[in-house]
Amino acid sequence: MKKRSMLMLAALMLVLSAFLAACDGGEKAGTKKNDNEGKTGETSAKPQDGGTLVYALDSAPEGKFNYAFYGNQTDAYVIDFFDENLIDYDAQLKAQPHIASWKTTDNKVFDFEIKKGVKWHNGDELSVKDWEFALKVIADKDYEGPRFDNVRNIVGAQDYHDGKAKEISGIKVIDDYHIQITFDKARVNNLDNLWTYPMNRTEFKGMAVKDMMGSEQVRTKPVGLGPFKVTKVVPGESIEMERFDDYFGGKPHIEKVVIKVIDPSLSVGELKNGTLDMTAFHPSIIDQVKALDNVNAITYPGVSYYYVGFRLGTWDGEKNVMNEPKYQDKKLREAMYYAINREEWVKAFFFGVGKPVNRPIPTNHWIAADNKELEQYKYDPKKAKELLDEAGYKDVDGDGFREDPQGKKFVVNFSHYATQNPTFESRAKALTQYWEEVGLKTKLTMTDVNLYYDMLEKADKSMEVFFGGWSTGSDPDPTPLWGSKALWNYPRWVNADSDKLLDEALDINVVGTDSNKRKDLYVQWQKLFMKDLPVLPIAELEETMAVSKRVNGVKFDVSGMNRPNEWWIKQ
């Protein structure tokens, strides 16, 4: 069974422990295929039971081990071993029944049924009341996570959030196995956008929502529905799990899983010595991984991309307000784009396994606009200088760097997240050099990855120009990332025409169930985005994973990895 969490932080997915966004030390890698794509190597007619799988992260998790609260891909890697989505996604990123199945006649009212006998790790049987509980937690006024957009469109969710109602009127529990959810209107993606991760009611009984994120139920003693259950958490260092024999998808073959944090410089040595079985890795070491006789270097289709963003405004607690003047001039943003030699930059820091991207949609998604329909913004420092001149950014004092149109010192304050991966600072410095070559003085700040996205969410004033990335999920709708009311719209970009196009692309009355009509609207949106240019799309990546040849049964496609209960270790 395949599974991909939606809207994971990318830059955090793009690093070894890695959206998402994202995230850590090993960004997942590029476009080059190899002989082991999607395969793990050795196979056997009959899986063997037993053994311990060692899985490495190259950056410490935040420790928010619950789908409702996690904020980066490092935590998501851990959660994926011990918890479960109610629905599944196939290789075309289409929703499929998993624990839950559903029926709808109008894309507004959905009737769900969950399987009987599905067990939580604490012995409780899963009920739709656990799902209702999770939806109410996320809709609560004291919920501090970023996922209210996945609940907002349920009838009554906003009133519940605002304290105007004690229940969410659009949620109707029929019995322990049946629930009806009604949305405020019919949309193409109501199912894909819906939050489908339950929370165990027993574990959180009597706990205030404001206390949940920091609780031991989230940090050190999480309970899930997945193939492995957590037995020990050493914050910042390791997580140990054991096989969950009552897993609804079938008893796992592997007996134990150890997830540990390692210095990325040690990963090749540990893979070679057999003390490490699986890890994502940075493309800088792809040739070293391929050279190992006991390891498969696997590349599979990705849906991740990087960008440089601009702080155009603030977050007022409910919506974005575009009120920051420094980067409002589009000519300045265009100049900074033309100044970047993306072909050179990608080749230098992704070692032939990435490529430039010209839109905020990865090529592997079906809504991606053809490059021929978009401005390419190819490297052109001469044009960059001309645009800066036109916008009034000129070197007034003769020091080689441009002042702003008022003749005041102008500095591009650029932020990039920091992990143990040394290439991150190098690639960030390379971007600063491109801008300085066209006369824009630039100051680089490297910020710990576990603080970085919190600062962006809070629209911290120090984050003026920033490096980021996203890994998109099954639903291609860009609204949760770029809508005017989206918390994850880090530039705080507000554009009424953008909102209108995104709304129409989801409206049954406009597009019906015609994918081509929906794509046409998304292509128009991408053209608008690249014309307004709130961020500079830089590169897109595929995913890479190193897997020991003693580990069998692991499969990959654009939806991610198959569930680990299907994996087994050759004894």
Side-chain angles (χ1 to χ4, degrees), residues 305-313 319-342 355-363 365-393 405 412 434-435 438 440 464-470 472 476-486 488-506 510 517-540:
Y305 66 94
Y306 286 129
Y307 65 86
V308 169
F310 301 93
R311 187 175 188 274
L312 302 176
K319 64 183 183 302
N320 296 296
V321 181
M322 208 159 68
N323 56 2
E324 290 291 335
K326 186 170 181 179
Y327 292 95
Q328 292 291 344
D329 192 327
K330 190 176 74 170
K331 286 186 177 180
L332 171 60
R333 304 196 298 272
E334 287 179 326
M336 291 176 68
Y337 209 6
Y338 281 115
I340 302 171
N341 188 335
R342 288 182 290 153
K355 64 181 180 181
V357 66
N358 298 298
R359 46 180 144 62
I361 300 292
T363 299
H365 245 307
W366 62 271
I367 67 165
D370 191 295
N371 275 333
K372 295 177 182 177
E373 301 182 76
L374 301 168
E375 172 62 57
Q376 298 301 295
Y377 292 100
K378 291 185 178 180
Y379 177 55
D380 191 341
K382 181 180 178 182
K383 187 168 186 176
K385 293 175 182 178
E386 290 173 352
L387 285 166
L388 290 170
D389 287 342
E390 292 172 12
Y393 293 84
V412 176
Y434 288 130
W435 294 325
V438 297
L440 294 174
E464 291 184 359
V465 182
F466 53 90
F467 190 87
W470 288 113
T472 57
D477 174 31
T479 304
L481 303 183
W482 303 114
S484 295
K485 294 183 179 180
W488 282 349
N489 177 349
Y490 292 144
R492 309 302 163 198
W493 177 54
V494 178
N495 185 300
D497 291 333
S498 166
D499 292 338
K500 182 173 184 292
L501 286 169
L502 293 179
D503 287 344
E504 288 179 348
L506 301 178
V510 176
K517 287 184 178 179
R518 190 180 179 198
K519 179 176 179 176
D520 286 344
L521 288 167
Y522 283 136
V523 169
Q524 291 180 46
W525 177 81
Q526 290 166 72
K527 291 179 179 178
L528 170 66
F529 188 99
M530 295 307 294
K531 181 179 180 182
D532 217 16
L533 216 61
V535 307
L536 314 179
I538 301 293
E540 62 180 338

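For clarity, every value in this text was computed on a predicted model and none was experimentally measured. Position 1 is the first residue of the sequence; numbering continues from there. Quick note: numbers below take in every heavy atom, side chains included, and nothing from hydrogens, waters or symmetry partners.
Using modelled atom types, one side-chain atom of Trp435 and one backbone atom of Met336 make a donor-acceptor pair closer than 3.5 Å. In terms of modelled atom types and a separation under 3.5 Å, the side chain of Glu324 and the main chain of Met322 share no donor-acceptor contact. At least one donor-acceptor pair under 3.5 Å links the side chain of Lys519 to the backbone N or O of Trp366. A donor-acceptor contact shorter than 3.5 Å links the side chain of Asn489 to the backbone of Gly483. Panel note: side chain Asp477, backbone Thr479; a donor-acceptor pair is recorded below 3.5 Å. Within the 3.5 Å criterion, the main-chain N or O of Ser484 finds a donor-acceptor partner in the side chain of Asp499. Counting only distance, with no hydrogens or angles, the side chain of Lys383 and the backbone of Tyr377 share no donor-acceptor pair below 3.5 Å.
In this structure, Asp532 and Asp497 have side chains that are not in contact, with every pair of non-hydrogen atoms separated by 4.5 Å or more. Contact check for Pro360 versus Trp525: side-chain heavy atoms found under the 4.5 Å cut-off. Looking at heavy atoms from C-beta onward, Arg311 lies out of side-chain contact with Val465 at the 4.5 angstrom threshold. Proximity of Thr363 to Asn371: side-chain heavy atoms (C-beta onward) are nowhere separated by under 4.5 Å. Counting heavy atoms from C-beta outward, Leu312 and Arg333 have side chains that approach closer than 4.5 Å. Counting heavy atoms from C-beta outward, Pro534 and Phe310 have side chains that stay 4.5 Å or more apart. Pro478 is not listed as a side-chain neighbour of Gln526, based on a closest heavy-atom distance of 4.5 Å or more. Counting heavy atoms from C-beta on, the side chains of Met530 and Tyr337 come closer than 4.5 Å.
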Inset, instruction - Walk me through it: do Ile361 and Tyr522 pass the test side-chain contact (heavy atoms from CB on, under 4.5 Å)? - result: CA-CA 10 Å; Ile361 300 292; Tyr522 283 136; over 6 Å; no

Inset, instruction - Check the pair Leu440, Leu332 against side-chain contact (heavy atoms from CB on, under 4.5 Å), reporting the backbone distance first and the verdict last. - result: CA-CA 10 Å; Leu440 294 174; Leu332 171 60; 4.3 Å; yes

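Pairing each heavy atom of Ser498 with each of Asn495, the nearest pair is N-OD1, 2.9 Å. Between Ala369 and Leu374, the closest heavy-atom pair is CB-CD1, 4.1 Å. When all heavy atoms of Asp329 and Ala391 are compared, the pair lying nearest together is OD2-CB, 3.6 Å. Looking at every heavy atom in both residues, Asn320 comes nearest to Val494 through O-CG2, 3.3 Å. Minimum heavy-atom separation, Ala368 to Pro362: CB-O, 3.5 Å.
More than 12 heavy atoms of other shown residues, nucleotides or ligands fall within 6.0 angstrom of atom NZ in Lys326.
Ring pair Tyr307/Trp482 is perpendicular by interplanar angle, where above 60° counts as perpendicular and below 30° as parallel.
Scanning for side-chain contact (heavy atoms from CB on, under 4.5 Å) contacts around Ala384 gives Ala335, Tyr338, Ala339, Val438, with sequence neighbours left out. In terms of the side-chain contact (heavy atoms from CB on, under 4.5 Å) criterion, Asp520 has no residue partners (sequence neighbours excluded).
Atoms CD1 and CD1, from Ile340 and Ile538 in turn, are 4.0 Å apart once rounded to the nearest 0.5 Å. Note that CG of Leu533 and NZ of Lys331 are 14.0 Å apart. Values are rounded to the nearest 0.5 Å. Annotation: the span from Leu387 atom CG to Lys385 atom NZ amounts to 12.5 Å, rounded to 0.5 Å.
Considering Glu375, Glu540, Lys378, Arg342 in turn, Arg342 is the only one that fulfils the side-chain hydrogen bond (donor to acceptor under 3.5 Å, both in side chains) rule with Asn358.
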